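Please find one structure pasted underneath; my questions will follow.
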There are 2 protein chains.
Amino acid sequence: MGIEPEHEVASTPREALAQTGWLRSVAADTLDRLAKQAVLHRVPAGSTVFEQAETPAFALLLVSGNVELLAVRGTEETLVEFVLAPDLLLPAAVLNSQPYLLRARVLGEARLVMIQAETFRETVASNLDLCLAVLACQAAQFRRQIKHAKNLQLRSVEERIGCYLLKIIEGTSPGTPVKLPLEKRLIASQLGMTRETFSRTLATVARHGIRVDGDVVCLEDAAAAGIRFQLDPLIDGHEPMRPIRIKRN
Amino acid sequence: MGIEPEHEVASTPREALAQTGWLRSVAADTLDRLAKQAVLHRVPAGSTVFEQAETPAFALLLVSGNVELLAVRGTEETLVEFVLAPDLLLPAAVLNSQPYLLRARVLGEARLVMIQAETFRETVASNLDLCLAVLACQAAQFRRQIKHAKNLQLRSVEERIGCYLLKIIEGTSPGTPVKLPLEKRLIASQLGMTRETFSRTLATVARHGIRVDGDVVCLEDAAAAGIRFQLDPLIDGHEPMRPIRIKRN
DNA sequence: CCTCTGCATTGATCCAGATCAATGCCGTGC
DNA sequence: GCACGGCATTGATCTGGATCAATGCAGAGG
């Protein structure tokens, strides 16, 4: 199938850093320094990357795959953040040398660059470009978190589902079938509800022009859907990660 | 009463910056640059500092007072973050030149340093110490937000109230009356519930050794309280704001 | 092929917390 | 002093979504 990958898959930590878009403005020797003692790790489906309350030993850069960040109490788990590559996993904990507040678990398979925490802190603390890049990354994560909170607190289950699906089929001409990007149970947890509620509510959403059949969504009535489910850029908008451009005096 | 304030109350933007703890490691001339076109603004009780969806014209440093950050939909408002001085208001929006996701409203009276957004970005982008300080600030805010989310998602109304009160009277010897730091309606909204539910649930909390009478809390049975309400440092712990120390090579 | 395991669906029921409504209370201004 | 407006309390009721429990269904491995 994939005869022509967009670019070579990184096989060393250094290559992985070089391919990370939001590190573009960071000088090569700074990346060298980060990569110095780093390793590129393949993580199998379902593994836990770190545990709540652990003190970070590494800064973790997610190069490919998805990671769930879960709040844990006893046996209970609830999703707090869903991380897409490429991104840092909870940089705040690493920067402040404080314990992780969440458990990280990968979906599917993931690749991670593991950078010594101390190396990471020192390099950030001595290089402005990197510091700005990390700041932009952290800022974007913060805003995503706020959007997530707003989604949960301001919308009902039905609206959350409707908007989620609408975003997926946005732009396609009505009738085009689109595959769901995740298993339903994962979508449910991202939207802050149980599997059962998700399943049930799909039926009522269908009555507003968005039909889900198996793992395929299909917009049946754009007008009806648009009336019932209003996408809000301050909730549903994509959060870009753009470091501030430096003006050298 | 306050014949001897801890230190002089700042009367210029420059003084206010100098008194801000987490800017301690920033060089004086950098602070000068920030303060250049800045103004120190007194904001009366209840005023809205900025509106959801506005594009930031200023970086806002809260010097004294408290600010509620609210998610708004139509007429509905729900609290997402509660900011204590000294702190930046949603630095992420300013850094990325993106619209605010929340409405900011002050409680009581507040004092704000307003720094031109462009000046702020440029100064951050050209000064490592400042960049690190802002990064630390943003990281702390992120972690507070995560803790808040965990509090809401992992605990019941009763537990949230119990832990909140426990934190307040923590350390005092049983029987000591302590004043609530805020009006009850505000505590309720910080804890993500309605006034009514808060009021009601105080009765059931009292049965576990924590009594609230009017605006006064009092620990009646430390043992009982400790059993029912377990403070978790990963939720209830204070989140410090400490910039990474720089090691100049 | 059959079994096993994990996901999805569907139904019945439950319950925490919201909502609606009335009353009391206290500080402020006239 | 009195009236008023915002907060708090208390009661009655409602309900969105969770929970518990079966059943169906598909892919993986023997």
Side-chain angles (χ1 to χ4, degrees), chain A residues 44-47 68 71 73-79 105 107-109 151-165 179-208 211-217 228, chain B residues 44-47 68 71 73-79 105 107-108 151-165 179-208 211-217 228-229:
Chain A
S47 23
E68 296 176 296
R73 190 166 83 158
T75 163
E76 206 159 343
E77 272 186 349
T78 95
L79 185 140
R105 181 193 304 142
L107 299 183
E109 190 184 64
N151 197 27
L152 294 185
Q153 296 187 39
L154 250 29
R155 305 218 263 224
S156 71
V157 158
E158 187 185 340
E159 290 170 311
R160 274 175 269 160
I161 297 180
C163 292
Y164 179 89
L165 296 177
K179 267 198 126 188
L180 294 179
L182 292 170
E183 285 175 30
K184 286 181 178 175
R185 80 192 161 91
L186 296 172
I187 297 176
S189 98
Q190 248 189 92
L191 298 180
M193 66 193 73
T194 60
R195 265 208 276 303
E196 294 96 320
T197 299
F198 181 74
S199 198
R200 260 186 256 289
T201 311
L202 282 182
T204 88
V205 168
R207 266 184 262 111
H208 295 275
R211 183 160 310 278
V212 174
D213 194 14
D215 61 353
V216 170
V217 213
R228 178 74 186 82
Chain B
S47 24
E68 298 176 294
R73 191 167 80 156
T75 163
E76 206 161 344
E77 271 187 349
T78 95
L79 185 141
R105 180 193 303 142
L107 299 182
N151 196 28
L152 293 185
Q153 296 186 37
L154 251 29
R155 305 218 262 224
S156 70
V157 157
E158 187 184 340
E159 291 171 310
R160 274 176 270 162
I161 297 179
C163 292
Y164 181 88
L165 296 176
K179 264 197 128 191
L180 295 179
L182 292 170
E183 286 175 29
K184 286 180 178 175
R185 81 193 160 91
L186 295 172
I187 298 177
S189 97
Q190 248 189 93
L191 297 180
M193 65 193 74
T194 60
R195 266 208 277 304
E196 295 96 319
T197 299
F198 180 74
S199 198
R200 262 185 254 288
T201 312
L202 282 181
T204 87
V205 168
R207 267 183 261 112
H208 295 276
R211 185 161 307 278
V212 174
D213 195 13
D215 62 352
V216 171
V217 213
R228 179 72 185 83
F229 306 114

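Values reported hereafter were calculated over all heavy atoms of this structure, with side chains retained and with hydrogens, waters and symmetry mates removed. Quantities reported herein were computed from a predicted structural model and do not represent experimental measurements. A note on names: the letters A, B, ... follow the listed sequences, proteins ahead of strands, and every chain is numbered from 1.
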* **Residues in contact with DNA chain D, drawn from residues 180-191 of chain A - heavy-atom cutoff 4.0 Å** =>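 Listed by number, there are none.
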* **Flag side-chain contact, heavy atom, 4.5 Å: Ser189(B) against Glu77(B)** =>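 Answer no - side chains too far apart.
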* Asked: Quantified as the angle between the terminal helix axes (five pairs each), what is the overall bend of the helix from dC1(C)-dG30(D) to dC30(C)-dG1(D) to 10 degrees?
  ->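 Angle reported: 30°, given to the nearest ten degrees.
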Going by atom type alone, with no hydrogens or angles, which donor-acceptor pairs under 3.5 Å involve a side-chain atom of residues 191-199 of chain A and a protein atom two or more places apart or on another chain?
unit_1: Thr194(A); atom_1: OG1; unit_2: Thr197(A); atom_2: N; d: 3.2
unit_1: Thr194(A); atom_1: OG1; unit_2: Thr197(A); atom_2: OG1; d: 3.0

* Asked: Should Arg155(A) and Cys163(A) count as side-chain neighbours, where that means a heavy-atom distance under 4.5 Å?
  ->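 Counting from C-beta outward, Arg155(A) and Cys163(A) do come under 4.5 Å.
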* Does the side chain of Phe229(B) come within less than 4.5 Å of Ile161(B)'s, by heavy atoms? ->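 Answer no - side chains too far apart.
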* Within-4.5 Å side-chain heavy-atom neighbours: Thr201(B) and Arg160(B) ->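 The answer is no, as the side chains (C-beta and beyond) never meet within the 4.5 Å cut-off.
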Quick test: give all pairs of protein nitrogen or oxygen and nucleotides 14-17 of chain D nitrogen or oxygen below 3.5 Å, distance rounded to 0.1 Å.
unit_1: dG17(D); atom_1: OP1; unit_2: Val157(A); atom_2: N; d: 3.2

* Closest approach of Glu109(A) to Pro44(A) (non-hydrogen atoms, all atoms of both residues) ->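 What the structure gives for the nearest pair is CG-CA, 4.3 Å.
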* Whole angstrom is fine here: how far is it from CD in Glu196(B) over to C1' in dG6(D)? =>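 Rounding to the nearest Å, CD of Glu196(B) and C1' of dG6(D) are 14 Å apart.
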* **Leu202(B) side chain reached by Arg211(B) side chain, heavy atoms, under 4.5 Å** =>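 Sidechains of Leu202(B) and Arg211(B): no contact.
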* Taking the side chain as every heavy atom from C-beta outward, state whether Glu158(A) and Arg228(A) have any atom pair closer than 4.5 Å. =>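 They are in side-chain contact.
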* **Note, Leu79(B) side chain near Leu186(B) side chain (heavy atom, < 4.5 Å)** =>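 Counting from C-beta outward, Leu79(B) and Leu186(B) never come under 4.5 Å.
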* Does some side-chain heavy atom of Leu180(A) sit less than 4.5 Å from a side-chain heavy atom of Leu165(A)? ->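 A side-chain contact exists here, since the closest heavy-atom pair is under 4.5 Å.
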* Covered region of DNA chain C, 5' end to 3' end, by chain B [heavy atoms, under 4.0 Å] ->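 Result: dG17(C) to dC20(C).
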* Asked: Can you list the residues that meet the side chain to side chain donor-acceptor pair (under 3.5 Å) rule with Thr78(A), with sequence neighbours excluded?
  ->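 Partners of Thr78(A) under the side chain to side chain donor-acceptor pair (under 3.5 Å) test: Gln153(B).
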* Asked: Does Glu159(B) come within less than 4.0 Å of Arg73(A), counting only side-chain N to carboxylate O?
  ->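 The answer is yes: the pair qualifies as a salt bridge.
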